[in-house]
Structure formats: structure tokens, C-alpha cells
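Naming convention: chains lettered A, B, ... in sequence-line order (proteins, then strands); numbering from 1 in each chain. Please read all numbers here as calculations on a predicted model, not as lab measurements.
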Amino acid sequence: MKELRLMKGNEAVAEGAIRAGADGYFGYPITPQSEVMEYLMAEQPEKRTGMVVLQAESEVAAINMVYGAASTGKKVMTSSSSPGMSLMQEGISYLAGAELPCLLLNVARGGPGLGTIQPSQADYFQSVKGGGHGDYNLIVLAPSSVQEMFDFAFLGFDLAFKYRNPVLMLSDGLIGQMMEKVELCEQLPRTTHFDRSWTLTGKPDGQERNIVTSLDLDASMQEIHNLHLQEKYRQCKEAEVRYELFDTEDADYLFVAYGSSARICQKAIKIGRSEGIKIGLLRPITLWPFPAKPLAELASRMKGILSVEQSAGQMVEDVRLSVGSGVHIEHYGRMGGMIPTPEQVLENLKKLLIAK
Amino acid sequence: MDIKDIIKPENLVYQKTSLMTDKPLSYCPGCGHGTAHRILMEVIEEMGIQSETIGVAPVGCSVLAYDFMNVDMVGASHGRAPAVATGIKRCWPEKFVYTYQGDGDLAAIGTAETIHAANRGENITIIFINNGIYGMTGGQMAPTTLPGMKTSTSPYGRDLKSMGNPLKMTELLAQLPGTCYVTRQSVHSPRNVRRAKKAIRAAFESQKENKGLSLVEIVSNCNSGWKMEPVASNEWMVDNMFPFYPLGDIKVDGKLVNNQ
Ligand SMILES: Cc1ncc(C[n+]2csc(CCOP(=O)(O)OP(=O)(O)O)c2C)c(N)n1
Ligand code: SF4
Ligand SMILES: [Mg+2]
């Protein structure tokens, strides 16, 4: 029988992590994601599966606890919201440099600075263009439902270990706080990834020791390491693009939106179609790798594209890079924690794409 | 007698531990880091825990500690070694986990991680090399730099009014209920090396018994940063560092020693 539960997005990802067989969670409270750790502490997963949960003294400490545990092959995660993610960037760069798998969650809020505690998508650049120092990429998943908050805990850990790379779930305060029905799956066993090719487990007698580091003082060796990382990212780009299409078959206009904005766009499509405007939606599920090819293919059939994001226009840069100059592309979004209504989105499609 | 007649197993009185690799140390000749590495590795060898030990290297002159220490190791970002060690130990409580950190690493940028790991009573061992200076980056002022001491960022001497006071992290950490064994040692003479090694052993034994965080501070020279000959640097250390950072146990078995 299906196991159904009404849950908040933040609770769903926590339950997902337990059921995905996570070994540990390290985090620091910040609105609007504190329910992740609160749920875990209340669930006492150490009794259910042996999973460890620890409240760190800061996001800096939390990401470095993740780094330490990940270096031993353990399945570990942290979660935060925008200001906390900024604090973690040095650690994330180290994780990427040392090729350690882990799951990161940003339940984003309005910025810059302390900003607001309301939902925002203005951390797109930070998430997909680096964030920390050096040439690296995170695999970035954008859940747009509470179900996906649960499911992507599994997908996130799978991708993290497949590529030995941090995976970031870029969510927002709306998806984290809203309640929806979730179909839960079975508990996976908590099995340690015991791989002596890279994990630290204590040097076995007669074998070489393992070293986990991102340092190589020899620039020519560091370049070789960078080339290796770039090759890994290239393979990931080829294999892991995920996206979803709505009503695109007969569409004249296309929304590109992820996360909560994709939900708002779906409603705007309904209203628009009732008025005779044929609109479709491409929802990137992976923000990195970005669904550039499918978007470019669709774009050639469109009269215009509206990138909708709760930001000043960040993802629209990737939309433009993917599509090129042949199609009319605009951005619409609100900022600082304000959420556009479906009516506002539709109105802006008319104003920015149809009226011109 | 030829030298070959002397180099025989039966004449062997001392041997480099196999837990030190054959890689030439990257430290300046005369620096205390190498000796501290060796006694740490000797303790791990003598306890027979090499296969159960995971070390955390800092950022500082000992950033390449994993090149010389023949145990599984991870390189932390600057100051975060206690958090990295916490992540490892929480997931692998049965392993021995240690950090090896300089004073800039432990007492400046990593102060929060150090204090909170100690306050949680993380069952790890910290080896803390206090040379009163940032060796790695060319001899800048550290939180532990002595009053009036000249460094490249306190070229007229550390002025307490504008630059703050030297931080006695070890005494501070000893106050926390989460620490079990806290001691200050040095490695500038054979007698002190023996004592420091005993202290490191005690720290790992305390970790073995899950007693909480154990910390061995080693007051050490940085002859390059101090701009002295190695021997002169050790004499200067005895005359100037030890009065401010007195050697000896500060906390044993969870109890403060003497007037601490
Ligand atoms: C985030 C960050 N800030 C600054 C540095 C530069 N840095 C490297 S080592 C170091 C000081 C190390 O001093 P200490 O911990 O006392 O070690 P020592 O070299 O004296 O043994 C600094 C500031 C860095 N690597 N990372
Ligand atoms: S700079 Fe100082 S601490 Fe670093 S290796 Fe040289 S003497 Fe030792
Ligand atoms: Mg120093």
C-alpha cells in the first residue's frame, strides 16, 4: 500500500534523507529552513537507522563537518538558507576540489544581506556559476513540489556518489514551507560507501594511506586536476540534464521557470489559454547542467520566451546563452521575497512579448 | 672497524618510525614541526592504532603533514580542522581522530570551531603547535604573538593597546567541561621531547576511553619567522615564550591542575 503523508517541504527532505540511508546531517538554524533540523531532531534517526544529527555552531562549521564526514565515504548533508549558504562557500569549493560527495540544500530567501525571510530565487548565480572560488560546478537540482523535496534527497545522494561531487538542491521558502501530499518510499539500508580507492577509513596494513585534499602546490599538477574536473563536468552535462515540459506542443509562447515560479507559471498558462494565448512551460529540474539543448529546440518554434524567476534576472542569462539571438527573450520577476501572482506573470508576458 | 660492521640490526638503538614516510620534510632546518610530527607518529605506532586513525591537517606550515604522516589524512580549510574532525568522529566513533594545527589556525581563524568542539566534548585529540607567529605566510603576527614581539605585521613590536593581547587558548579550553586532558609541552630538548611524547600518548589514551577532547599544546620555535638561528631561537623561546606560556599539565582526567 502507498504510504501517503501531508508534509512541509522542509520535513519531506529530512524524511527523504533518513530513508535514502543518510549517515549524517550537520546544520545551523536559519529561517525558512529550520524545520529540516527540527524534524530530524524530533525523529531521532539515530534510533531509526543510526543516522547522526548535529547542530553546529555556524554554517562554516557545518559545511566542514560535512567535508570531514564525506571524506570517509559517509552519506552526509547540510541545509541552510541564503545568508548561511554564503558562509559555506569556501567549504563547498573545498568539497568540489577534493571531489567529495554530499547533499546541500538551500531553502532560499530574499537578499542581498540579511534580506527577508520570504521566498526568493536570487541565489541562482551563486548556485550554478560557482559561488566559491575556483573552476568548479555543483550539480544543482530545483524541486518544485514537496514530493520532489522528498525524491531529490535520493536522487541527490545518487548523483553525488556517481560523480563524487557536491549536489545542491536549490529550493526556496515557498517550497520549503508549503504543505502537500507526499508519497513516501521504503527505507533504504544505511550502507557505508567503503571504497579504499579514495575514502579515509584508517590505513589498512600493507596498503597505501589515503589522502583527501584539494591542494597541489605544483601548478602543472593542479592544472591536470582541473582538466580532470572539467572532463567530469562535461560527462555530467551530457548525461544528467533533467527538465519537464507542460503544454508546449502547440505553444506560441514559452515560460522558462523552476521551483516555485514554475508552479506559478502553470497557473498563468491555464488563465492565458482560457483567453486564447497558447503558452507552454519548460521547467529545468537540473539548473546545472542547464537544459540548453531542449530549450534551443523548442525556442525555434516560439514567438517569444519569458524567463520567470524571483530575481532581477539571473537564469535569463542562461536562457539567452542557450537560445541565441533569433528569438525574443525577456525576464519577469519580483524581488526581495515578493512572489508574483499568476495574473501578474501573464500580464507581463502580454506586455513584454505580445504587445511589442 | 668499517661503518658497515656497525650498521647491523643488533646494534640498532633507534629507528625512524615507519609511520613517518621517507619524504624529505618541507620544514626549515631547526623547526619544531618535524619533531612534533615524529613523536605523534611514534605514539600511534606504539599504540598499534595506525589502521584505525584518521588525521586532519591544517593550513599553515604543516599543511602538507599528510605527506609525512603515514596515516589516512584529510586537509582541512584554514581553522576548520576541529569541525572536520567532528564530522569524522561523529560518523566513526570507533576511530582515533586527531587534528594538527598551528596557532593562527587554531587560535585566530578557527577559534569558534576549536572552542565549540571542546565545549561539545568531541572525543578527538588536538595537537596545537604554538610558535607565536604565522610561519607559513611569512611571519605575520599571530593571536599568540608575545607583547612587544616584532613580526612582519607588527614591525615595531606588538602593541597591546591597538593589537590586542596574546591569547592563551589552552588555559581557556581547559575551563570547558568538554575537555578532559589539556597540557602544554615543548620539543626543544631531548627531555622535553620525551615529556611531550608521553603527553601525546596520554591524550590518545584519553580518546580511547571516550573521555572528551584532549589537547596537547607544543610551544615551538619558528626560527625563520623569528629571524633567528635555530639554536638562538630555542634559547629565545626558553627565555621569552615559556614565562608567558608555562609548560606542564593544565587539566588531567577532567580536573584542573594546581592553581589553574
Ligand atoms: C581562509 C584563508 N585565509 C588565509 C589563508 C592564508 N594562511 C595560510 S597559513 C596562515 C597562517 C598559519 O599560521 P599558523 O596556523 O600559526 O601555522 P604555522 O605556519 O605558524 O605553523 C594563513 C593566514 C588561508 N590559507 N586561508
Ligand atoms: S616558517 Fe617557521 S614554522 Fe614554518 S617551517 Fe619554517 S621555522 Fe617552521
Ligand atoms: Mg604559527
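Heavy atoms of other residues, nucleotides or ligands lying less than 6.0 angstrom from OH of A/Tyr28 number 12 at most. With a 6.0 Å radius and a threshold of 12 heavy atoms from other residues, nucleotides or ligands, B/Lys198 has its NZ atom at or below the threshold. Crowding of B/Asp22 atom CG: a count of heavy atoms from other residues, nucleotides or ligands under 6.0 Å not exceeding 12. In A/Gln187, the CD atom is crowded: over 12 heavy atoms of neighbouring residues, nucleotides or ligands sit closer than 6.0 Å.
Per-residue heavy-atom pair counts under 4.5 Å with chain A were compared for B/Met69, B/Arg80, B/Lys95, B/Glu52, and the maximum is reached by B/Arg80. Of the listed residues A/Gln207, A/Glu90, A/Lys203, the one with more heavy-atom pairs under 4.5 angstrom with chain B than any other is A/Lys203. Highest contact tally toward chain A, considering only B/Ala57, B/Gly75, B/Ala117, is held by B/Gly75 [criterion: heavy-atom pairs under 4.5 Å].
Test B/Val74, B/Val56, B/Ile88 against A/Tyr67 for side-chain contact (heavy atoms from CB on, under 4.5 Å) and you get one pass: B/Val74.
Once rounded to the nearest 0.5 Å, the distance linking CE of B/Met73 with OG of A/Ser71 reads 11.0 Å. How far CG of B/Leu19 is from CZ of A/Arg209: 10.0 Å, rounded to the nearest 0.5 Å. Taken to the nearest 0.5 Å, the CZ atom of A/Arg196 stands 4.0 Å off from the CG atom of B/Asp72. One distance of note links SG of B/Cys91 with CE of A/Met51; it measures 9.0 Å at 0.5 Å rounding.
Using a cutoff of 4.0 Å between basic side-chain nitrogens and carboxylate oxygens, A/Asp23 and B/Arg90 are not scored as salt-bridged.
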